[in-house]
Protein chains: 2
Amino acid sequence: MNDSGENGEKKKSRRPSQERTAQRDPERTRAAILEAATREFAENGMGGARVDAIAERAGTNKRMLYHYFGDKEQLYLKVLEEAYVGIRTAERALHIGDRSPEEGIGELALFTWRYFLKHPEFLSLLGTENLHRARWLRQSVRLKELHSHLIGELTDVLNQGKKQGVFIETADPLHVYLTIASLGYFYLSNQYTLSTIFGRDLLEPTHLNAWERHIVHVTLASIKR
Amino acid sequence: MNDSGENGEKKKSRRPSQERTAQRDPERTRAAILEAATREFAENGMGGARVDAIAERAGTNKRMLYHYFGDKEQLYLKVLEEAYVGIRTAERALHIGDRSPEEGIGELALFTWRYFLKHPEFLSLLGTENLHRARWLRQSVRLKELHSHLIGELTDVLNQGKKQGVFIETADPLHVYLTIASLGYFYLSNQYTLSTIFGRDLLEPTHLNAWERHIVHVTLASIKR
DNA sequence: CCATCAAGTAACTGTTTAGTTACCGGCTTG
DNA sequence: CAAGCCGGTAACTAAACAGTTACTTGATGG
């Protein structure tokens with residue numbers, strides 16, 4: 001990227017020990033730890049995650065992990081924050097107010113379902129955090145502001161639909177969002193026990209597609225006049 | 001952490017054979033361990049639960065725990081099995097086929113929501129088991145048969161409703177059950193993160209009642225013609 | 001070429017944990 | 001009453017764990 005600028009980055013000029021320089025990469029190490037931690041926490045929960053395992057997965061060691069993130073709890077909070085930022089950022093890009101109210105809600109339902117499907121680690125982290133009664137999330141100032149936007153946008157779309165006479169007057173923005181999230185979350189996060197007790201693989205494409213259609217159907221049926 | 005507070009009862013006096021007999025109560029000890037384990041596993045997950053804590057909560061010690069249940073994993077499986085038996089037994093007593101189809105489905109939705117509300121430990125155990133991909137549940141032969149009854153009964157009620165022309169033809173029994181369970185499970189099991197990010201206490205009676213009505217409304221709206 | 005600093009390694013420490021063992025005391029039965 | 005069984009206690013052990021410290025290695029700058 002930056003070839004000419006002298007300042008800042010450690011240049012590798014003098015001795016062409018390029019490999020050495022590439023090997024030493026704080027940014028990359030930090031990112032690797034964060035990603036490894038995301039997987040480890042998602043797979044094992046806060047109590048089950050092992051700091052040694054994270055270091056190993058990241059291709060580094062505990063010394064660096066503690067250097068960059070302080071301790072296990074701070075690392076966990078960072079992971080959780082990043083996960084929330086991820087979904088809310090993608091959500092914002094939807095601009096559900098740009099279409100008709102009905103299409104807007106349908107879009108949001110589809111997006112949420114597909115995001116959950118693509119990011120099982122996000123669901124798992126939510127589960128872990130709730131097991132601990134949002135102990136770490138509550139400490140995060142950064143996240144609370146992220147969510148007012150979502151409710152605001154949903155309120156606008158619902159109001160527009162009510163004005164047009166396509167939605168019922170009692171439709172509530174938080175309820176609509178919770179409905180969409182419920183149907184996606186439960187199906188995926190409980191897929192293992194559900195598949196076991198009902199004797200069907202819920203992850204089969206046929207069933208996944210049927211459930212996707214079901215979510216949109218239920219969401220709209222519950223608010224249409 | 002461990003305040004060794006009251007050291008009240010040491011060795012009970014020697015004589016009274018009645019108290020001795022009452023004190024020695026294998027059934028009660030077993031039950032106490034099972035109940036203590038249910039709470040401990042629900043609150044801390046499989047990885048976070050402590051065998052010592054279970055023994056202490058049960059008013060006994062590890063020796064007895066290992067004597068009655070083998071090891072931590074077997075105890076956990078027993079807890080999980082009992083939790084499932086609990087809900088499925090109560091569910092059976094509903095006899096949802098005795099009313100009109102619409103009332104039957106409404107009853108099932110109400111029952112499920114209220115059962116979840118009353119038994120947070122059941123939801124938590126489900127979450128833990130799914131984090132581990134149903135590793136222990138899959139070993140349990142006992143549980144699979146418990147669930148065919150539920151689907152069978154639901155199928156009958158839906159068919160009756162279709163015949164009467166009140167339900168749409170595409171209504172699917174598993175989908176209906178998953179819808180009901182989703183709406184209850186997500187709201188309650190994720191109440192801590194949701195309350196935090198949306199800045200509302202979801203457990204307030206007003207909100208609980210609103211959500212109860214919402215679940216029945218959504219369920220019926222999604223299958224009514 | 002030596003001093004310095006930053007990235008990274010690996011062995012170590014104190015504590016916690018699941019699981020075990022040695023033992024106690026009363027009850028039942030021969 | 002002796003033998004042993006059964007419910008129960010408490011101290012112990014080996015392993016695992018989060019977090020720390022002493023050290024290595026190589027780039028940079030005077």
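Here the structure is a predicted model, which is why all the values come from computation and not from measurement. Values reported hereafter were calculated over all heavy atoms of this structure, with side chains retained and with hydrogens, waters and symmetry mates removed. Quick note on labels: first sequence line is chain A, next is B, and so on, each numbered from 1.
Rounded to whole Å, atom C1' of dG19(D) lies 10 Å from atom CG of Asp52(A). One can place CD of Glu27(B) at 10 Å from P of dG7(D), the figure rounded to the nearest angstrom. In this structure, Ile54(A) atom CD1 and dG19(D) atom P are separated by 11 Å, rounded to whole Å. Going from atom OH of Tyr66(A) over to atom P of dC17(D) covers 12 Å, rounded to whole Å. Rounded to whole Å, atom C1' of dA16(D) lies 14 Å from atom CG of Asn44(A). Gln74(B) places its CD atom 15 Å from the P atom of dA18(C), with the value rounded to the nearest Å. Regarding Phe69(B), its CZ atom lies at a distance of 13 Å from the P atom of dG8(D), rounded to whole Å. Summarising the geometry, the separation between OH on Tyr68(A) and C1' on dG19(D) is reported as 18 Å, rounded to the nearest angstrom.
Among the protein residues, Ala49(A) comes within range of the sugar-phosphate backbone only, with heavy atoms under 4.0 Å from sugar or phosphate atoms but none that close to a base.
Residue Thr29(A) has no polar side-chain atom (N or O) positioned under 4.0 Å from OP1 or OP2 of dA7(C). Note on Arg63(A): every side-chain N or O is 4.0 Å or more away from OP1 and OP2 of dG8(C). Within the structure, every side-chain polar atom (N or O) of Asn61(A) is placed at least 4.0 Å from both OP1 and OP2 of dA10(C).
In the set dA18(C), dG19(D), dG8(D), dG19(D) carries the atom at the smallest distance from any side-chain atom of Lys62(A). Taking every side-chain heavy atom of Lys72(B) into account, dG19(C) is the closest of dT9(D), dG19(C), dA7(C).
Of the N and O atoms on the side chains of Glu129(B) and Trp136(B), not one donor lies less than 3.5 Å from an acceptor on the other residue.
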So Glu43(B) and Arg57(B), salt bridge (Lys or Arg N to Asp or Glu O under 4.0 Å) or not? Walk me through it. CA-CA 13 Å; Glu43(B) 285 172 22; Arg57(B) 286 178 114 146; 3.1 Å; yes
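Sequence order on DNA chain D of the closest nucleotides to His67(B) and Arg50(A) puts His67(B) first from the 5' end.
Applying the ring-ring contact (aromatic ring centres under 6.0 Å, His included) test to Phe69(B) and every residue at least two apart in sequence or in another chain returns nothing.
By the 4.5 Å heavy-atom criterion applied to side chains, Ile54(B) and Leu75(B) are counted as neighbours.
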Identify all side-chain donor-acceptor contacts of residues 206-213 of chain B below 3.5 Å with residues at least two apart in sequence or on another chain.
| from | atom 1 | to | atom 2 | distance (Å) |
| --- | --- | --- | --- | --- |
| His207(B) | ND1 | Asp201(B) | O | 3.2 |
| Asn209(B) | ND2 | Pro205(B) | O | 3.3 |
| Trp211(B) | NE1 | Leu183(B) | O | 2.9 |
| Glu212(B) | OE1 | Trp113(B) | NE1 | 3.3 |
| Glu212(B) | OE1 | Arg114(B) | NE | 3.2 |
| Glu212(B) | OE2 | Arg114(B) | NH2 | 2.8 |

